[in-house]
Amino acid sequence: MAIRLVVFDVAGTTVRDGSGAVQRAMRDAIAVTGLALREEAMAGVTGLAKPQAIRTLLEGHGRDELVPRTDAIHADFVARMQRYYREDGTVGPVEGATQTFGALRTSGVRVALNTGFSRPVLDEILTRLGWSGPDGPLDATIASDEVARGRPYPDMIDALRARLGGIAYTEVAKVGDTPIDLQEGTLARCGLVIGVLSGAHSLESLMQHPHDGLIPSIADLPELLRDRGLLPIN
């Protein structure tokens, strides 16, 4: 078996998230309703499609009466994230990300991003980093609002496989920094499911979920694929 497609998560995996901007924006958007989230609440929803994350947080705090406001809260969150990715000086790729994309594509591996963000936020990121367009370093991208079900369901990965020519699920590697990423890769029956430690979750947290390896960052992925003999033979 060779890996012919790697599907990377975005925030914390390919894009720096050291400032906790995603968690802060969601806390602030929900706080407008008068609800202050418990300190540990965000850990359980990182990686989910953001409307689902908001609903889960509202219900988990016993505030079902706020659920009808999910769309408005999400719109506020999207505006905050677009502003952050457009203006904040700390925004940038994880160290080695662009080199990893290039090494994989040179070896005959397609490179894609998927995310719990909606398309407007993803497009802001791609524009800021210069990753959009036919001359960018990616073969495809997909956002959670472009499929029927977000993570951990396999819909985004299945759509990417179809879009890129019907790549078999066993030839896909899923790489991400959250338990939801690992669950998504497992439910999509990916041939390889890899966790990275560059984002929001610890080694101990990721070890509790099925995976085929844990690495410090995506900069280590090409070497892992070479060592396991999983690169295509061009």
Side-chain angles (χ1 to χ4, degrees), residues 1-15 17 45-49 52-53 93-94 96-97 100-101 103-105 107-117 122 125 131 137-144 146-203 205-232:
M1 179 196 76
I3 294 298
R4 301 187 183 276
L5 168 64
V6 178
V7 179
F8 292 101
D9 173 51
V10 178
T13 300
T14 55
V15 180
D17 189 35
V45 300
T46 52
L48 287 175
Q52 180 59 47
V94 166
T100 292
F101 298 159
L104 293 173
R105 296 178 87 191
S107 298
V109 180
R110 313 294 286 278
V111 175
L113 300 184
N114 78 343
T115 179
F117 290 136
L122 178 57
I125 295 169
W131 288 356
L138 305 168
D139 294 291
T141 65
I142 194 167
S144 61
E146 296 175 311
V147 293
R149 301 174 300 176
R151 298 170 183 157
Y153 296 102
D155 297 30
M156 285 194 287
I157 291 177
D158 289 344
L160 288 169
R161 293 196 298 109
R163 187 184 304 176
L164 293 173
I167 295 172
Y169 57 83
T170 55
E171 297 176 323
V172 179
K174 168 62 189 180
V175 181
D177 70 304
T178 71
I180 295 293
D181 287 302
L182 302 183
Q183 293 166 20
E184 178 191 29
T186 299
L187 289 173
R189 299 178 293 171
C190 291
L192 196 67
V193 178
I194 300 294
V196 295
L197 303 176
S198 55
H201 287 262
S202 66
L203 174 66
S205 173
L206 296 180
M207 284 183 65
Q208 297 177 37
H209 301 271
H211 61 270
D212 299 301
L214 300 175
I215 55 179
S217 81
I218 63 169
D220 302 284
L221 184 67
E223 181 179 4
L224 181 148
L225 295 178
R226 283 193 299 269
D227 289 348
R228 298 192 185 186
L230 295 177
L231 291 175

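All values below were derived from every heavy atom in this structure, side-chain atoms included, with hydrogens, water molecules and symmetry-related copies excluded.
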Qualifying residues under side-chain hydrogen bond (donor to acceptor under 3.5 Å, both in side chains), relative to Thr141, sequence neighbours excluded: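 side-chain hydrogen bond (donor to acceptor under 3.5 Å, both in side chains) list for Thr141, sorted by chain: Arg119.
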So which heavy atom on [X] is nearest to which on [Y], and how close?
X: Pro179; Y: Ser205; result: CG-OG, 3.8 Å
X: Val193; Y: Pro210; result: CG1-O, 4.2 Å
X: Leu138; Y: Arg105; result: N-NH1, 3.5 Å
X: Ala112; Y: Leu5; result: CB-CD1, 4.0 Å
X: Ala53; Y: Val45; result: CB-CB, 3.8 Å
X: Asp139; Y: Val109; result: OD2-O, 4.3 Å

Go through the steps for Thr14 and Trp131 under the test side-chain contact (heavy atoms from CB on, under 4.5 Å), then give the verdict. CA-CA 11 Å; Thr14 55; Trp131 288 356; 4.2 Å; yes
Check the pair Thr13, Val94 against side-chain contact (heavy atoms from CB on, under 4.5 Å), reporting the backbone distance first and the verdict last. CA-CA 7 Å; Thr13 300; Val94 166; over 6 Å; no
Sorted by first residue and then second, give each salt bridge (charged side-chain N to carboxylate O under 4.0 Å, His left out) pair with at least one member in residues 173-185; sequence neighbours left out.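 Matches after skipping sequence neighbours: Arg151-Asp181, Arg151-Glu184, Lys174-Asp181, Lys174-Glu184.
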Has the side chain of Gln52 got a donor or acceptor atom that lies under 3.5 Å from a matching backbone atom of Ala49?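 Not confirmed, Gln52 side chain does not pair with Ala49 backbone.
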Does Ile167 offer a backbone N or O that forms a donor-acceptor pair with the side chain of Arg161 under 3.5 Å?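 Yes, Arg161 side chain to Ile167 backbone: donor-acceptor pair under 3.5 Å.
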State the [atom1]-[atom2] distance between [X] and [Y], to the nearest 0.5 angstrom.
X: Leu187; Y: Asp155; atom1: CG; atom2: CG; answer: 10.0 Å
X: Leu192; Y: His211; atom1: CG; atom2: NE2; answer: 11.0 Å
X: Asp9; Y: Leu113; atom1: CG; atom2: CG; answer: 8.5 Å
X: Thr178; Y: Leu48; atom1: OG1; atom2: CG; answer: 8.0 Å
X: Met1; Y: Ile3; atom1: CE; atom2: CD1; answer: 4.0 Å
X: Asp158; Y: Arg149; atom1: CG; atom2: CZ; answer: 8.5 Å

Asp212 vs Arg228, test: side-chain contact (heavy atoms from CB on, under 4.5 Å). Steps then yes/no. CA-CA 11 Å; Asp212 299 301; Arg228 298 192 185 186; 4.0 Å; yes
Applying side-chain contact (heavy atoms from CB on, under 4.5 Å) to Leu160 and Val172, what does each step give before you reach the verdict? CA-CA 10 Å; Leu160 288 169; Val172 179; over 6 Å; no
Going by heavy atoms in the side chains, are Arg163 and Ile142 under 4.5 Å from each other?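 The answer is yes; the side chains approach within 4.5 Å.
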